[in-house]
> 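Structure incoming, see below.
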Amino acid sequence: MTFRHFVTGAALLAAAAGVHAQETFKLGVVTFLSGPAAESFGVPAANAAKTMVERFNAGAAPAPYNKTGFGGMKIEMVMLDENGGATKQVQEMRNLYQRENVDAVIGYIGSGDCLAVAPVAEELKKFLVLFDCGTPRIFEEASPKYVFRTASHAAMDNVSLTRYLKSRNIKADTFNLINQDYAWGQDSRADFLASMANLFPSAKPGIDLLPKFGAGQYGTEISALSGKPASLTYSSLWGGDLQAFILQAGARDLFKETTLVLSAGDHVLPGLGDKVPDGTVLGARGAYGILSAKSPLNDWFQAEYQKANGTPPVQASYRVTQALMGVKLAVEKAMAANGGKKPSAEQMADALRNSTWDSPGGTIRMALGNGQQAIQDTAIGRTKYDAASKRVLATDIQRFKAECVNPPAGTKSIDWIKAGFPGAKCD
């Protein structure tokens with residue numbers, strides 16, 4: 001069933017000069033609202049989108065995000081559930097543009113969904129902003145005009161993880177892998193293997209598992225990993241799959257024999273608490289949540305999200321927020337060049353392309369994919385459960401500059417990693 005949430009009605013009046021009375025900006029937002037990816041990932045993204053749209057419409061965000069709505073246009077949000085598979089998402093996105101008449105879509109977490117909807121947005125010549133999905137293929141295998149991604153892809157996660165392991169002298173003579181058998185898991189696996197071959201050439205990969213997305217039960221996989229324990233167990237599992245794996249593997253003492261290394265694990269920490277093994281090497285796909293750096297904008301965002309939702313924000317919350325902020329500034333830039341009128345898809349795309357903005361997770365730069373793929377700084381740390389606060393905290397955090405862990409423009413991620421990260425700027 002499709003879930004729709006309308007944040008504000010079309011009867012609200014636009015306040016900014018040059019914007020016609022009652023004109024709104026209709027925004028589609030797509031995230032998992034049901035299924036195994038919803039609880040720890042999709043719903044936190046939805047909650048952040050609702051919180052930010054409310055703040056934008058009230059003109060209650062910090063500068064430069066303090067104009068009401070998008071340039072005076074109140075934002076009317078139509079939220080849809082990403083659950084159901086790529087074929088369903090293609091049709092739902094067509095409906096958003098052609099029946100709901102949205103002006104833009106921000107969405108998609110699953111890499112398979114992103115790969116399916118991106119060419120359709122190009123066909124329709126509609127403005128689409130991907131706020132998540134990790135596969136580098138979107139912009140490394142095509143050159144879209146209307147499609148953007150306002151967050152780094154997964155190569156950053158795996159390069160920073162292996163650099164962290166190296167800098168912290170963490171034992172890595174052997175390693176096992178468990179990743180989901182679709183674009184995200186396959187690409188993450190390839191990037192991690194290539195990074196390890198570069199920085200730990202004598203390390204030996206062992207068990208290499210690719211369970212299907214949404215498998216939920218990992219008894220066979222845990223038996224295989226326990227039967228041949230390695231120094232490290234690497235995984236890009238996420239959402240309900242990661243929660244299930246940690247609970248089931250912990251109950252069988254797998255983590256007493258290995259250091260768990262997670263490329264995208266922060267979002268399951270609030271729900272799992274002390275079930276997360278201390279010392280887990282943790283990535284959050286950016287400097288997000290417990291790995292984020294203190295700043296006035298991040299302090300504001302964390303406080304607003306906590307107040308609205310009763311829980312701290314995690315990576316999906318940060319990622320949809322930085323997408324909304326980037327789109328807001330792009331719309332307002334395009335409006336300024338368009339006499340204060342609502343901009344077209346082409347004008348919004350021109351404004352977002354090659355742009356830079358500050359977000360709660362740091363500076364976002366549209367530096368790859370002809371200016372349509374973001375890079376950003378990131379951070380890696382280790383987990384430690386704090387019994388007093390009943391929360392998992394991050395310790396021994398190391399921060400990495402975007403240019404250290406993202407490929408330069410015009411270079412495919414896997415080729416850059418295999419070549420030894422040429423041009424990386426890590427000073």
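Since this is a predicted model, take the numbers as computed values, not measurements. The figures that follow rest on heavy atoms only: side chains count, while hydrogens, waters and symmetry mates do not.
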> Any donor and acceptor pair, going by atom type alone, linking the side chain of Asp266 with main-chain N or O of Gln315 inside 3.5 Å?
yes
> Determine the interplanar angle of the Phe41 and His267 rings, folded into 0 to 90°, and report it as parallel if under 30°, tilted if 30 to 60°, perpendicular if over 60°.
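Perpendicular, since the angle between the ring planes exceeds 60°.
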> Do NZ/NE/NH1/NH2 and the carboxylate oxygens of Glu54 and Lys50 come within less than 4.0 Å?
no
> At what distance, to the nearest 0.5 angstrom, does CG of Asp187 lie from NE2 of His153?
10.0 Å
> Please lay out, stage by stage, how Arg382 and Asp396 fare under the test salt bridge (Lys or Arg N to Asp or Glu O under 4.0 Å).
CA-CA 6 Å; Arg382 303 196 76 169; Asp396 197 20; 6.0 Å; no
> Report yes or no: does Ser111 contribute a side-chain atom to a donor-acceptor pair with the main-chain N or O of Thr135 at less than 3.5 Å?
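Side chain of Ser111 to backbone of Thr135: a pair is present.
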> Parallel, tilted or perpendicular, judged at 30° and 60°: which one describes the rings of Phe70 and Phe56?
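If you compare the ring of Phe70 with that of Phe56, the planes turn out tilted.
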> Do Phe301 and Ser359 come close enough that some side-chain heavy atom pair is under 4.5 Å?
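No, their side chains stay 4.5 Å or more apart.
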> Between Arg353 and Asn370, is there a side-chain heavy-atom distance shorter than 4.5 Å?
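A side-chain contact under 4.5 Å is absent here.
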> Identify the two heavy atoms, one from Asn83 and one from Lys88, that lie closest to each other, and give their separation to 0.1 Å.
O-NZ, 3.1 Å
> Rounded to the nearest 0.5 Å, what's the gap from CE on Met366 to CD on Gln372? Could you check?
7.0 Å
> State the CG-CZ distance between Asn354 and Arg365, to the nearest 0.5 angstrom.
13.0 Å
> Please check: side-chain N/O of Glu304 versus main-chain N/O of Thr51, any donor-acceptor pairing under 3.5 Å?
no
> Check this for me: Asp299, atom CG, are more than 12 non-hydrogen atoms of other residues, nucleotides or ligands nearer than 6.0 Å?
yes
> Just by distance, no angles: are the side chains of Asn338 and Gln347 close enough, under 3.5 Å, to form a donor-acceptor pair?
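Side chains of Asn338 and Gln347: pair found under 3.5 Å.
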> Does the ring centre of Tyr164 sit less than 6.0 Å away from the ring centre of Phe400?
no
> Going by heavy atoms in the side chains, are Val30 and Glu92 under 4.5 Å from each other?
no
> Decide, yes or no, whether a salt bridge links Asp415 with Lys418 under the criterion of side-chain N to carboxylate O below 4.0 Å.
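Salt bridge flag = no for Lys418 with Asp415.
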> Count the heavy atoms of every other residue, nucleotide or ligand shown that sit under 6.0 Å from CG of Asn169, and state whether that count exceeds 12.
no
> Between Lys384 and Leu393 (side chain of the first, backbone of the second, donor and acceptor by atom type, cut-off under 3.5 Å), is there such a pair?
no
> Can you list the steps and then say if Val159 with Arg163 is a side-chain contact (heavy atoms from CB on, under 4.5 Å)?
CA-CA 6 Å; Val159 173; Arg163 286 195 183 279; 3.8 Å; yes
> For a quick test of reading the model, state the closest non-hydrogen atom pair linking Thr383 to Pro277 and the distance between them.
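Looking at all heavy atoms of both residues, the shortest contact is OG1-O, 2.9 Å.
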> Between Ser263 (side chain only) and Asn158 (backbone N and O only), is there a donor and an acceptor less than 3.5 Å apart?
no
> So does Leu291 get a backbone contact from the side chain of Arg399, meaning a donor-acceptor N/O pair under 3.5 Å?
yes
> Can you tell me if Glu82 uses its side chain to pair, donor with acceptor, with the backbone of Ile109 under 3.5 Å?
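At least one qualifying donor-acceptor pair exists.
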> Enter the distance from Arg55:CZ to Ile75:CD1 here, rounded to the nearest 0.5 Å.
12.5 Å
> Give me the atom names and distance for the closest heavy-atom approach of Lys328 to Tyr65.
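The answer is CE-O, 3.1 Å.
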> Please confirm whether the backbone N or O of Leu282 pairs with a side-chain atom of Thr280, one donor and one acceptor, at under 3.5 Å?
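No, Thr280 side chain to Leu282 backbone: no donor-acceptor pair under 3.5 Å.
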> What's the shortest heavy-atom distance between Asp241 and Gly216, and which atoms?
OD1-N, 3.8 Å
> Report the distance from atom CG of Leu96 to atom CD of Gln89, rounding to the nearest 0.5 Å.
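Taking CG in Leu96 and CD in Gln89, the distance rounds to 9.5 Å.
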> Does the pair Leu324 and Leu27 meet the rule for a side-chain contact (heavy atoms from CB on, under 4.5 Å), with working shown?
CA-CA 10 Å; Leu324 284 160; Leu27 178 68; 3.7 Å; yes
> Could you check if a side-chain atom of Val29 sits within less than 4.5 angstrom of a side-chain atom of Val78, using non-hydrogen atoms only?
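No, side chains not in contact.
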> Taking atom CD of Glu39 as the centre, report whether more than 12 heavy atoms of other residues, nucleotides or ligands fall under 6.0 Å from it.
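Count not over threshold, so no.
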> Do Leu80 and Asn95 have side chains that approach each other closer than 4.5 Å (heavy atoms only, starting at C-beta)?
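Of all side-chain heavy-atom pairs linking Asn95 with Leu80, none is under 4.5 Å.
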> Set out, in order, the CA-CA distance, both residues' side-chain angles and the distance that settles side-chain contact (heavy atoms from CB on, under 4.5 Å) for Val392 and Tyr385, then state yes or no.
CA-CA 4 Å; Val392 179; Tyr385 182 71; 4.0 Å; yes
> Looking at Tyr146, does the NZ or CZ of Lys126 lie under 6.0 angstrom from its six-membered ring centre and within 45 degrees of the ring axis?
no
> State, to 0.1 Å, how close Cys404 and Trp416 come at their nearest heavy-atom pair, and which atoms those are.
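Nearest pair, atom of Cys404 first, then Trp416: O-CH2, 3.7 Å.
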> Check whether any side-chain heavy atom of Asp157 lies under 4.5 Å from a side-chain heavy atom of Phe192, and answer yes or no.
no
> When you compare the side chain of Thr363 with that of Asp377, does any pair of heavy atoms fall below 4.5 Å?
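SC-SC contact between Asp377 and Thr363 ruled out.
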> Test your reading of the model: is there a side-chain donor-acceptor pair from Thr31 to the backbone of Gly42, 3.5 Å cut-off?
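Looks like yes, one N/O pair under 3.5 Å.
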> Decide side chain to side chain donor-acceptor pair (under 3.5 Å) for Thr233 and Thr258; before the verdict, give the C-alpha distance in whole Å, the side-chain angles of both, and the deciding distance to 0.1 Å.
CA-CA 6 Å; Thr233 298; Thr258 186; 2.9 Å; yes
> Walk me through whether Leu128 and Met93 qualify under side-chain contact (heavy atoms from CB on, under 4.5 Å).
CA-CA 10 Å; Leu128 171 62; Met93 189 183 71; 4.1 Å; yes
> Any chance CZ of Arg391 has more than 12 other-residue heavy atoms, nucleotides or ligands included, within less than 6.0 Å?
no
> Compare every heavy atom of Trp184 with every heavy atom of Ser236, then report the nearest pair and how far apart it is.
O-NE1, 2.7 Å
> Do you see a donor-acceptor pair shorter than 3.5 Å between the side chains of Ser188 and Asn179?
no
> Could you give the distance from CG (Leu199) to CG (Leu165), rounded to the nearest 0.5 Å?
9.0 Å
> Under the 3.5 angstrom rule, does the side chain of Asn309 hit a backbone N or O of Pro44 as a donor-acceptor pair?
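No, the answer is negative, given that no donor and acceptor are paired below the 3.5 Å cut-off.
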> Indicate yes or no: at least one non-hydrogen side-chain atom of Glu123 is less than 4.5 angstrom from one of Arg94.
yes
